[in-house]
Asks: 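Before anything else, here's the structure in question.
Residue numbers start from 1 in every chain, and the chains themselves are labelled A, B, ... in the order their sequence lines are given, proteins ahead of strands. Values below: every heavy atom of this structure, side chains too, minus hydrogens, waters and symmetry copies.
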Number of protein chains: 2
Amino acid sequence: MAGFNFETLERENLGETVYARVAEALIKGRFAPDARLTIRELAQSLGTSVTPVRDAILRLIQDEALVQKSAREVRVPIITLERYREIRQIRLKLEGLAAREAALKAKAKDIERLHDLIALNERAIADKNWAEGLELNQTFHFALADIGDMVVLRGILNRLWLQMGPLIAESYHEGGRAMIDNHYAVLAAVENKDSDAAERAIIADITEGGNVILERLFSRRAAGADQAN
Amino acid sequence: MAGFNFETLERENLGETVYARVAEALIKGRFAPDARLTIRELAQSLGTSVTPVRDAILRLIQDEALVQKSAREVRVPIITLERYREIRQIRLKLEGLAAREAALKAKAKDIERLHDLIALNERAIADKNWAEGLELNQTFHFALADIGDMVVLRGILNRLWLQMGPLIAESYHEGGRAMIDNHYAVLAAVENKDSDAAERAIIADITEGGNVILERLFSRRAAGADQAN
DNA sequence: ATAAGAAACATGATGCATCAAACACCGCAA
DNA sequence: TTGCGGTGTTTGATGCATCATGTTTCTTAT
């Protein structure tokens, strides 16, 4: 075979590295919502000049994982209740689609991978290792898009997760078993090549897990109803 | 009311300007697929330094509206048949959702706007003004997300359109009435606040319009089956 | 066809101009 | 005297241009 088509060939840039590190920090919830980021400060803490940081910030703003409050103010966005609701609606459609495709296309090794991810996640939860659990949960959701061979969908999901990152990170441990219980149903459906069941299961997973986050957003709104503009 | 919350406050940058111009060129199909772009050349033709162009290109790569073939090679992507199929699947779900919401939330002025868009598009087609028709068609699809008040979905749609731009541009005029006929059904459904009908209509629109593009992709594949790598 | 040299390009660093927000200072009124 | 509002200055951060460097790619000659 002449040429293998790499979907995203990762180039080794400083800008790429900075992007990856900041993105990871966002997903892991290591930046508080509304925290202000300055290019110079980040550059100093990473030991580079401003240029690669500038590149990374620009890309994250494009992802809507960061927002420009004003000309010289970049902040971690505060996700509103309405925005989270919309993201959840979108996820239900997209991940439902991914789950359907995954159920149709899954090979034996794919099923094994899903199985392993659940097992690892189960262990992380038992150990109260929330950071690990958070990451495994994300990997599981992405895996469906991977198995379904949907690269565009995978990209969209990546961005959505980047936006939800800070929010999910602070709620994940409250979810308890609701964050993983439905994964078993997803796995079973994929194993049976049952598209309908797979979609139903992933929808249940997103819905139930999301309720924890919605409650948090409700209480936040109730608490700071009209103090902030 | 204290503060009005602008969703996207547009800052007046050179980088922003360059982004907008290149993005428009992509959507209008003014760059051929596989065309190579160099930062320096663009900078010269726009009369700026490389910095703003660099910023714009970086953002467009993030959108997957441009691709990095190798370290120093940025090209307009060639959309494969599989990729277009996936994008269409995604659009069916997302725009279906947008149409449902639009049907629920549309005000009188929104319906009037849709009506006007169709009328203008009808005229553009009659005049064989394909560029105008192309833009109005896009505006109509975006309008449903706007009316449905789905800002996240709107952003995703924007990016998808940016990716499909070159492809749609070269096929639009082949679509003939198929590109607009279903818009009437969408309008009627929104007017009747009938979510189900609105979703069905937009799905029909995307599907039928997409068939023209799929045919083109099929013939392209058949023609250049194994000449390119 | 291959290899070596030359041209070209992107990346990353740095410097400068600009611009906005914070802050302190000052005057004025209660 | 104290509190408040307005004004001018200062600080700090970004946008853009330019420069240096290393790599890639095109060209040309064998």
Side-chain angles (χ1 to χ4, degrees), chain A residues 2-6 8-23 31-32 34-78 228-229, chain B residues 2-6 8-23 31 34-78 227-229:
Chain A
F4 188 84
N5 199 354
F6 288 94
T8 57
L9 78 113
E10 290 298 332
R11 302 178 38 267
E12 218 41 58
N13 281 352
L14 268 184
E16 180 67 33
T17 308
V18 174
Y19 176 85
R21 292 193 56 175
V22 177
F31 288 126
D34 207 41
R36 183 177 178 185
L37 300 184
T38 67
I39 292 178
R40 291 170 122 84
E41 194 179 352
L42 265 175
Q44 194 155 25
S45 80
L46 293 171
T48 73
S49 82
V50 297
T51 308
V53 179
R54 185 183 147 83
D55 291 352
I57 298 292
L58 218 56
R59 290 171 58 191
L60 287 162
I61 290 173
Q62 192 68 11
D63 287 335
E64 293 178 273
L66 295 176
V67 291
Q68 260 178 342
K69 279 301 238 209
S70 71
R72 287 165 183 72
E73 223 182 300
V74 175
R75 288 184 183 274
V76 178
I78 303 177
N229 43 356
Chain B
F4 188 83
N5 200 354
F6 288 94
T8 57
L9 75 113
E10 288 300 332
R11 301 177 38 267
E12 217 42 55
N13 281 353
L14 266 184
E16 179 68 31
T17 308
V18 174
Y19 176 84
R21 291 192 57 175
V22 178
F31 289 126
D34 207 42
R36 183 177 177 184
L37 300 184
T38 67
I39 293 179
R40 291 165 120 91
E41 194 180 351
L42 264 175
Q44 194 155 26
S45 82
L46 293 170
T48 72
S49 82
V50 298
T51 310
V53 178
R54 186 182 147 87
D55 292 352
I57 298 291
L58 218 58
R59 290 170 60 190
L60 286 162
I61 289 173
Q62 192 67 12
D63 286 336
E64 293 177 273
L66 294 176
V67 293
Q68 261 176 341
K69 277 304 236 209
S70 73
R72 282 158 189 75
E73 222 182 300
V74 175
R75 289 186 182 271
V76 178
I78 302 178
Q227 67 189 32
N229 43 354

Asks: Using a cut-off of less than 4.0 Å, is there contact between a side-chain N or O of B:Arg72 and OP1 or OP2 of D:dT25?
Replies: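 So the side chain of B:Arg72 is outside the cut-off, no N or O lying under 4.0 Å from OP1 or OP2 of D:dT25.
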
Asks: So do the side chains of A:Asp63 and A:Tyr19 get within less than 4.5 Å of each other, counting heavy atoms only?
Replies: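 Result yes, sub-4.5 Å side-chain heavy-atom pair found.
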
Asks: State whether the distance check finds a donor on one side and an acceptor on the other, under 3.5 Å, for side chain A:Thr38 versus base D:dA13.
Replies: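 No.
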
Asks: Given atom CG of A:Leu66 and atom P of D:dA13, what is their separation to the nearest angstrom?
Replies: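 Taking atom P of D:dA13 as the reference, CG of A:Leu66 is at 16 Å.
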
Asks: Relative to the 5' end of DNA chain C, which residue comes earlier, B:Leu37 or B:Thr51, by the nucleotide with the nearest heavy atom?
Replies: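 Whichever sits nearer the 5' end wins; that is B:Leu37.
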
Asks: Please confirm whether the backbone N or O of B:Gln62 pairs with a side-chain atom of A:Arg59, one donor and one acceptor, at under 3.5 Å?
Replies: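 Judged by distance alone, no pair lies under 3.5 Å.
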
Asks: Quick one: B:Arg54 CZ to C:dT11 P, roughly how many Å, whole number?
Replies: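 Computing the B:Arg54:CZ to C:dT11:P distance gives 6 Å.
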
Asks: Specify the separation, in whole Å, of atom CG of A:Asn13 and atom C1' of D:dT23.
Replies: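 It is 12 Å, rounded to the nearest whole Å.
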
Asks: Quick one, B:Val76 and B:Val67 - any side-chain contact, counting heavy atoms below 4.5 Å?
Replies: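 Answer no - side chains too far apart.
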
Asks: Whole Å only: how far is the CD atom of A:Glu16 from the C1' atom of C:dT11?
Replies: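 Those two atoms, CD and C1', are 13 Å apart.
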
Asks: Could you tell me whether the side chain of B:Arg75 and the main chain of B:Ala35 form a donor-acceptor pair under 3.5 Å?
Replies: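 Looks like no, no N/O pair under 3.5 Å.
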
Asks: Rounded to whole angstroms, how far apart are NZ on B:Lys69 and P on C:dA10?
Replies: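 For the pair B:Lys69 NZ and C:dA10 P, the rounded distance is 17 Å.
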
Asks: What is the distance, to the nearest angstrom, from the CD1 atom on A:Ile39 to the P atom on C:dG12?
Replies: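 About 15 Å, once rounded to whole Å.
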
Asks: Taking C-beta and beyond as the side chain, do B:Leu37 and B:Leu66 meet within less than 4.5 Å on heavy atoms?
Replies: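 Counting from C-beta outward, B:Leu37 and B:Leu66 do come under 4.5 Å.
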
Asks: Can you measure B:Arg59 atom CZ to D:dG15 atom C1' for me and round it to whole angstrom units?
Replies: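 Between C1' of D:dG15 and CZ of B:Arg59: 14 Å.
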
Asks: Does a side-chain N or O of B:Gln68 approach OP1 or OP2 of C:dC9 to a distance below 4.0 Å, or not?
Replies: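 So the side-chain polar atoms of B:Gln68 never come under 4.0 Å of the phosphate oxygens OP1 or OP2 of C:dC9.
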
Asks: Starting from the 5' end of DNA chain D, give me the residue, B:Arg36 or B:Ser49, whose nearest nucleotide shows up first.
Replies: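 Result of the comparison: B:Ser49.
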
Asks: For B:Arg40 and D:dT23, what is the distance between atoms CZ and P respectively, to the nearest whole Å?
Replies: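 My rounded result for the distance is 16 Å.
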
Asks: Please state whether the phosphate of D:dT25, meaning OP1 or OP2, lies under 4.0 angstrom from any side-chain nitrogen or oxygen of B:Ser70.
Replies: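 Result: yes.
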
Asks: Which part of the nucleic acid does A:Glu73 contact within heavy-atom distance under 4.0 Å: base, sugar-phosphate only, or nothing?
Replies: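 Nothing, no heavy atom under 4.0 Å.
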
